There are 4 protein chains.
Amino acid sequence: MADSTLAASYRTFRRDLHQQPEPAWCEFYTTSRLLEELEQREIDDILSGPAIHAPDSRRNVPGDTTLTEWRQRAREAGASEDVLATIGDGFTGAVAVVKRGDGPTIALRVDIDALPITEADSDDHYPTAAGFRSTNEGYMHACGHDAHATIGLGVLDRILDSDFAGTFKLLFQPAEETISGGKSIADSGVLDDVDALLAPHIGLDHPSGKVVAGIDEFLAVRQFEATFTGESAHAGARPEDGDNAVQAMAAAVQNLYGIPRNSAGGTRVNAGRVGGGTASNIVPEESFIEGEVRGETTGLMEYMWDHAEDVLAGAARMHNCEVDIERLGDAPSAHSDAAVVEVVDRVARQMTGVDTVVEYDSLGGSEDATYLMQRVHQRGGLAAYVGVGTDHPGGHHTPTFDVQERDIAVGIDLLAGVITDLAADFPVGGAAAT
Amino acid sequence: MADSTLAASYRTFRRDLHQQPEPAWCEFYTTSRLLEELEQREIDDILSGPAIHAPDSRRNVPGDTTLTEWRQRAREAGASEDVLATIGDGFTGAVAVVKRGDGPTIALRVDIDALPITEADSDDHYPTAAGFRSTNEGYMHACGHDAHATIGLGVLDRILDSDFAGTFKLLFQPAEETISGGKSIADSGVLDDVDALLAPHIGLDHPSGKVVAGIDEFLAVRQFEATFTGESAHAGARPEDGDNAVQAMAAAVQNLYGIPRNSAGGTRVNAGRVGGGTASNIVPEESFIEGEVRGETTGLMEYMWDHAEDVLAGAARMHNCEVDIERLGDAPSAHSDAAVVEVVDRVARQMTGVDTVVEYDSLGGSEDATYLMQRVHQRGGLAAYVGVGTDHPGGHHTPTFDVQERDIAVGIDLLAGVITDLAADFPVGGAAAT
Amino acid sequence: MADSTLAASYRTFRRDLHQQPEPAWCEFYTTSRLLEELEQREIDDILSGPAIHAPDSRRNVPGDTTLTEWRQRAREAGASEDVLATIGDGFTGAVAVVKRGDGPTIALRVDIDALPITEADSDDHYPTAAGFRSTNEGYMHACGHDAHATIGLGVLDRILDSDFAGTFKLLFQPAEETISGGKSIADSGVLDDVDALLAPHIGLDHPSGKVVAGIDEFLAVRQFEATFTGESAHAGARPEDGDNAVQAMAAAVQNLYGIPRNSAGGTRVNAGRVGGGTASNIVPEESFIEGEVRGETTGLMEYMWDHAEDVLAGAARMHNCEVDIERLGDAPSAHSDAAVVEVVDRVARQMTGVDTVVEYDSLGGSEDATYLMQRVHQRGGLAAYVGVGTDHPGGHHTPTFDVQERDIAVGIDLLAGVITDLAADFPVGGAAAT
Amino acid sequence: MADSTLAASYRTFRRDLHQQPEPAWCEFYTTSRLLEELEQREIDDILSGPAIHAPDSRRNVPGDTTLTEWRQRAREAGASEDVLATIGDGFTGAVAVVKRGDGPTIALRVDIDALPITEADSDDHYPTAAGFRSTNEGYMHACGHDAHATIGLGVLDRILDSDFAGTFKLLFQPAEETISGGKSIADSGVLDDVDALLAPHIGLDHPSGKVVAGIDEFLAVRQFEATFTGESAHAGARPEDGDNAVQAMAAAVQNLYGIPRNSAGGTRVNAGRVGGGTASNIVPEESFIEGEVRGETTGLMEYMWDHAEDVLAGAARMHNCEVDIERLGDAPSAHSDAAVVEVVDRVARQMTGVDTVVEYDSLGGSEDATYLMQRVHQRGGLAAYVGVGTDHPGGHHTPTFDVQERDIAVGIDLLAGVITDLAADFPVGGAAAT
């Protein structure tokens with residue numbers, strides 16, 4: 001491929017998804033749109049709905065009201081009623097299987113959900129200027145999952161057009177942002193015959209033209225919701241009758257961020273969403289913290305978690321409140337295998353549109369692709385998480401995030417090339433070798 | 001009147017209001033229902049809409065979305081389209097004027113709004129058992145304003161049936177709970193010819209059979225909303241890029257409650273409703289505190305306010321955030337005049353259904369009736385705030401609050417008796433005397 | 001007495017004490033000086049040392065090092081070795097008993113200890129200008145106990161010169177500032193035959209020329225020391241190994257001040273002295289809070305205490321520390337009896353040098369005279385706490401506090417007059433009457 | 001050398017220092033003892049006092065009282081009056097220069113100060129059992145500087161006995177623990193002709209028999225003292241008159257530890273020593289935090305510092321206090337040069353008593369040797385920081401820290417070997433090469 005212009009059909013597809021951002025487990029329209037595309041192609045198996053999930057492993061599925069609201073939005077945006085029926089209460093995502101003779105089973109995983117962020121509406125934000133800003137106000141593809149889904153579709157087309165020998169599995173994973181979907185897909189067993197898994201991510205502060213062959217150092221993460229319950233009272237007439245759940249929450253926030261740093265490696269903590277109380281003149285009876293802890297290893301994450309539990313319990317104790325702590329989601333650490341990384345590195349160095357290739361870099365964040373990587377590793381397979389650079393004006397998870405569409409084309413070229421090369425000359429150590 | 005059974009029509013009226021609780025400035029159905037009642041009676045003037053408000057003095061009026069939602073609910077509950085048109089964007093409440101020859105102008109003020117509290121749904125909560133629990137889920141008449149409105153209507157009927165000589169003004173005031181409606185009514189001038197103002201409140205921890213002739217020691221209050229704005233960032237990948245508005249808010253909460261006590265008298269502070277952030281993995285960019293400070297005098301309230309401003313500014317400074325402080329509502333202190341209190345005391349002592357009368361008690365809370373009392377005082381008139389006891393199972397502003405309906409009848413008897421007595425023998429010191 | 005000039009001998013005495021301020025239980029020099037004065041007079045009994053204390057009731061007695069240091073200072077200032085031997089390890093204070101025939105037993109209690117405050121050294125501070133500033137740097141008579149001791153001596157002389165009939169007991173009480181001495185004296189039984197107890201205090205924001213006949217509303221108080229113990233660690237190399245006692249302490253401070261206000265009356269809380277840690281690069285293993293809670297009633301003080309215990313326990317829990325809470329001192333509430341207050345009021349109104357007399361006022365602070373008053377009340381006696389105004393430039397417990405010496409003369413006149421009047425015509429209700 | 005037994009004279013010397021631990025800038029006895037040893041040897045130049053310091057670069061020098069106290073202790077322990085006169089107000093430390101013909105100038109730096117830690121007194125603590133526990137109660141050589149000084153002396157003897165060709169500079173640096181002495185020595189210029197600098201450290205969690213040829217990743221550090229000043233008041237009578245400096249300090253502590261983690265590398269913060277207030281019943285007027293921030297790079301340390309300044313300013317603002325921030329000490333980052341590390345590695349691998357050699361390790365702490373290393377680097381010289389393992393029962397900076405004396409002998413062998421090898425075959429890149 002001489003240059004990296006993104007074909008018009010993929011551009012249209014990506015912009016359509018960008019305009020219809022849907023949060024975790026609510027990817028009704030997105031799933032419908034994906035299945036519509038898959039059905040237009042010659043694919044051996046198309047899986048969706050409960051078939052690709054382990055029901056007990058789904059986490060953080062929103063309540064009926066939210067699911068119903070997003071299902072209705074999807075319907076209004078043109079989602080297929082058949083697909084909505086299959087998805088049911090949030091069994092979103094899809095898997096396509098292409099079988100082309102003898103050879104290893106290679107999987108590509110892309111994620112599809114969006115974030116609760118309001119997209120920038122100024123004209124220097126390209127999606128706004130070009131007319132494809134989010135139409136779901138308050139939600140936005142601010143982490144490039146619209147690009148990821150498009151890369152998935154593009155790679156599929158390239159495999160279908162190629163002399164690939166083996167089995168290709170394409171996974172469109174929901175609910176990555178809440179680290180909830182990966183475990184459900186992994187536990188479903190849909191990956192259990194996979195010899196090599198590739199998971200790409202665009203951007204991550206790497207500029208256009210740069211490829212990271214293998215990303216490591218995923219932060220292990222645990223998300224939680226802590227709910228404090230005290231006793232309400234009239235704040236003027238009987239303040240002494242209250243047990244103030246907002247004071248407990250505030251004390252917890254102050255001290256969660258103060259959990260000691262750890263010399264063994266990086267840690268994180270965030271009280272990302274908090275709230276409490278009902279009116280200015282009522283002593284608050286309820287409050288909550290939706291937060292997370294992370295660590296460069298699972299051990300460091302557990303260190304943070306142990307301290308967080310102490311802080312939450314102590315804060316409740318200080319204000320005579322109860323605290324209920326619910327663990328919402330986890331993701332383990334994972335690593336990219338050298339045998340796959342080498343192939344990515346080699347393919348990338350031969351590509352137009354790529355000027356810099358680094359073999360390894362650290363993520364510095366969390367990702368529930370690690371559940372899929374872990375599952376493949378446990379079965380003797382290989383895995384790599386690949387970075388495709390793009391000049392993104394705003395940071396990930398901010399209102400001005402955007403990707404360069406030509407870098408979606410780079411991503412397609414790269415992953416298609418890697419998958420065909422891997423199939424042609426599969427390295428020692430995969431499940432196929434055992 | 002031999003006993004204090006509440007007449008069936010008033011009971012029906014009260015329960016209808018109880019089932020349709022509406023928050024401050026959204027009393028669309030309530031106002032419609034009141035005007036419907038007033039129009040069935042022989043009243044000289046019925047005022048409503050902008051005529052009874054000083055537009056610049058209305059505070060805390062909700063946004064269009066909220067107003068529209070409550071207007072629609074009122075419509076569905078049967079509110080008159082004409083009334084809805086008159087009320088417009090929240091000019092709720094009503095005034096009835098009865099002119100009966102020479103004599104002083106005496107006003108009765110009752111409030112009509114409800115609270116954002118979810119009513120108890122267990123069978124030992126009488127409104128639930130008797131089938132008139134709130135139908136506006138999440139909202140409740142948890143401070144007896146449904147009873148107050150009924151007392152107003154009952155007193156009106158008694159005046160119309162009596163040989164009262166003078167002018168009687170009945171005010172149905174909206175938005176007391178957010179201390180927003182009193183000032184608007186006061187500044188409209190509708191009270192400027194009033195010689196004496198009476199404002200009753202039911203309950204207040206006084207049991208059935210008890211009357212407080214004059215309530216004093218209203219806590220002066222100021223309500224505010226503080227909004228913190230920082231910078232969002234990915235909590236795992238770039239925590240250092242964030243300026244955490246939730247940390248700022250938590251620090252402010254911790255230190256607002258720590259404003260020094262004051263030896264000159266009682267003070268209060270409450271961060272009654274707080275929130276911030278969007279997702280567990282995003283450093284929060286925004287947060288807010290909806291709170292209040294109070295003092296036994298206006299000076300003490302201002303003392304609290306000065307310190308609160310320091311705390312809010314300092315908390316923002318600590319986390320490199322901006323803070324915007326909006327003052328939402330105020331109410332001054334006020335006192336009940338002895339000349340009126342004596343009449344209340346005398347009438348109460350002669351009543352069946354009353355077994356205990358105390359001349360004075362303190363409120364220990366705030367009330368924007370004080371704006372109306374202050375306005376009347378400034379014009380040379382008299383005022384008293386009168387307590388009518390009732391056995392209320394739960395405290396004010398709690399899900400199990402309720403009033404005994406027979407005590408609504410006591411309130412009607414008491415206030416009607418006081419108003420006719422006052423008119424017959426008006427004490428020195430009223431505006432009429434000047 | 002035509003004017004209120006303080007006699008030169010009393011002035012000398014007061015200034016001597018002012019120059020030698022001694023903290024609680026360390027009043028070695030002061031006690032020696034008092035006994036020297038008493039021995040020059042014709043007194044029936046002079047008691048000191050363990051005889052006037054209940055050893056198990058002494059609280060907050062400093063350690064040997066401190067006692068030894070102050071004993072040495074007293075020695076250097078000229079204290080009698082005999083007296084030092086009698087006092088031993090801090091049995092400070094003295095009692096003088098004068099028996100003059102039949103009549104009631106009337107006691108006067110004055111306190112004698114100083115504060116850990118550095119006295120102002122500018123020339124507009126009178127003791128500095130006049131050359132009698134504290135010579136115990138860092139300590140100061142900043143609450144007028146030097147004046148109180150002088151009033152005691154002056155009243156004694158007046159009683160000795162009068163035709164007083166009955167028994168007069170003069171108590172010089174140590175350790176008031178740490179509310180530690182009153183209980184020890186009370187429990188010793190030395191007051192058990194007293195029919196009426198008077199306890200004067202100078203200043204208290206009342207100006208020269210004003211007398212408060214009976215002070216009420218003593219704040220009940222409890223003082224405590226909370227010690228947090230965690231685990232130290234190198235703050236750079238192994239922060240994760242530490243359990244940070246300073247973080248626990250800081251969280252406790254933040255939330256102690258945030259204990260809810262109480263509508264039943266005034267409350268107080270103070271973390272008056274705190275500390276922790278050893279060096280900037282070591283995670284602190286130990287920290288402490290020396291603090292107090294108060295309430296307008298003993299119940300309100302207990303309310304504060306219950307919450308304080310929760311806060312301290314919760315703060316420790318948050319940071320995996322232990323907390324040890326030691327109660328240091330208490331004082332109950334008390335009241336001034338009308339029968340005595342009337343006598344004070346009458347005497348004061350007849351005096352030169354007094355232009356304003358108020359019958360009752362509230363203290364707004366705490367005092368362990370309440371232990372003595374309580375003891376006398378329990379035995380059927382009467383008590384009053386009397387305020388003698390003085391223009392004091394700085395507030396109590398500040399470096400510029402001072403008293404006008406002429407007001408010491410007013411105090412002598414007032415108390416001597418009250419005691420002789422009381423003896424001559426003892427009111428019903430005293431222990432003598434039973 | 002066949003085994004690594006420490007010669008008796010060195011053991012005596014080390015134990016003598018161990019018994020006389022002296023804090024930063026107070027190493028009066030230690031310096032006297034060192035000079036005494038140096039004077040017994042054939043040394044070309046012995047420097048001490050102001051000659052080896054840049055007076056403007058000395059930081060954290062204690063006040064006169066402290067200096068006087070430690071000078072007196074040193075005198076009582078037998079320090080030379082001449083040396084005390086030379087040292088003056090804390091110009092501690094010493095430099096010995098040995099010139100032996102042509103060759104590079106090679107320096108060895110050892111530090112000599114102790115810590116404010118109370119040494120363990122149980123019999124399973126070897127210095128206690130063997131009778132050389134600290135005699136300066138509350139102070140302890142808890143980081144092995146007594147061993148370092150001994151290594152310095154031992155290496156000197158070995159150089160003097162060798163055929164070393166070049167110039168050898170031995171630096172005994174004071175005030176490392178407060179990161180105050182390094183900059184003063186560096187800025188004096190005493191190192192400006194040095195081609196290679198070696199700085200050993202014993203222990204650091206490396207066991208006996210292990211050598212780290214080059215230590216890197218020094219945390220840059222800044223120490224500070226923040227003093228909050230408010231307004232005192234009587235906590236019972238006039239709490240509203242106070243501006244509470246302890247509340248400000250507590251808010252600062254809570255939020256200092258909450259400065260966001262940084263994805264670019266490790267950071268640290270510690271409020272290592274705090275205090276405030278004078279008595280439980282006085283609103284605290286003063287408080288302080290003695291603390292530090294660190295970062296894996298100087299940039300990360302500055303990031304922490306910027307945030308710390310915001311936190312301190314905001315905390316003061318919240319409570320209407322002033323805050324004064326004084327920077328006490330800094331140390332930059334530094335690295336060990338490969339050219340020197342290779343020599344250390346080679347020598348170590350050939351030694352008896354060493355069973356494990358690692359080329360590089362990170363310090364995870366801070367050290368003001370980095371000032372010296374930086375100075376040498378700026379002049380074109382080389383530097384390495386070398387780790388000599390020892391089985392230490394307790395961690396560094398804890399009461400049970402101790403070193404195995406045979407590892408002091410290992411340190412002497414290692415450094416002497418490295419220095420002679422370096423002189424014989426100096427690598428390219430030193431100042432000598434330019």
Side-chain angles (χ1 to χ4, degrees), chain A residues 226 228 230-267 282-284 295-297 299-304 306-323, chain C residues 226 228 230-267 282-284 295-297 299-304 306-323:
Chain A
F228 295 91
E231 192 74 36
S232 72
H234 190 281
R238 292 278 177 275
E240 67 275 16
D241 288 350
D243 292 317
N244 193 321
V246 160
Q247 280 187 293
M249 180 271 279
V253 168
Q254 290 270 290
N255 290 279
L256 281 172
Y257 285 102
I259 296 174
R261 280 132 167 105
N262 195 309
S263 67
T267 54
I282 303 177
V283 175
E296 280 180 10
T297 63
L300 284 165
M301 183 271 278
E302 294 284 357
Y303 159 85
M304 292 299 289
D306 288 348
H307 280 69
E309 286 187 313
D310 282 342
V311 167
L312 294 166
R317 176 88 173 79
M318 287 210 291
H319 294 282
N320 200 26
C321 293
E322 298 294 317
V323 61
Chain C
F228 295 91
E231 191 73 36
S232 73
H234 190 281
R238 291 279 178 276
E240 67 275 16
D241 289 350
D243 292 317
N244 192 321
V246 160
Q247 281 186 292
M249 180 270 280
V253 168
Q254 290 270 288
N255 290 279
L256 281 172
Y257 286 101
I259 295 174
R261 282 134 166 104
N262 195 309
S263 66
T267 54
I282 302 177
V283 175
E296 280 180 10
T297 63
L300 284 164
M301 182 272 278
E302 294 284 357
Y303 158 86
M304 293 298 290
D306 288 347
H307 280 68
E309 286 188 313
D310 282 342
V311 167
L312 293 166
R317 175 88 172 80
M318 287 209 291
H319 294 282
N320 200 26
C321 292
E322 299 293 317
V323 62

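Because the structure is a prediction, the values reported are computed rather than measured. All chains are named by letter (A, B, ...) in the order of the sequence lines, taking the proteins before the strands, and each is independently numbered beginning at 1.
- Without hydrogens or angle criteria, C/Ser263 side chain to A/Arg238 main chain gives no donor-acceptor distance under 3.5 Å.
- The candidate with the highest count of non-hydrogen atom pairs below 4.5 Å against chain C, out of A/Pro239, A/Ala233, A/Ala264, A/Pro260, is A/Pro239.
- For C/Asn262, the parts lying near chain A are the backbone and the side chain together; criterion is any non-hydrogen pair under 4.5 Å.
- Contact tally against chain C (heavy-atom pairs below 4.5 Å) for A/Ala313, A/Ala316, A/Gly314: the top residue is A/Gly314.
- By number of non-hydrogen pairs under 4.5 angstrom with chain C, the leading residue of A/Asp241, A/Asn255, A/Leu256 is A/Asn255.
- Note: A/Met318 leads A/Arg317, A/His319, A/Met318, A/His307 in heavy-atom pairs under 4.5 Å with chain C.
- Proximity of A/Met304 to A/Leu300: side-chain heavy atoms (C-beta onward) are nowhere separated by under 4.5 Å.
- Taking each heavy atom of A/Cys321 and A/Gly230 in turn, the nearest pair found is SG-CA, 3.7 Å.
- Closest of all the heavy-atom pairs between A/Val311 and A/Ala252 is CG1-O, 3.6 Å.
- Here the shortest heavy-atom pairing between C/Ala315 and C/Ala248 reads CB-O, 3.4 Å.
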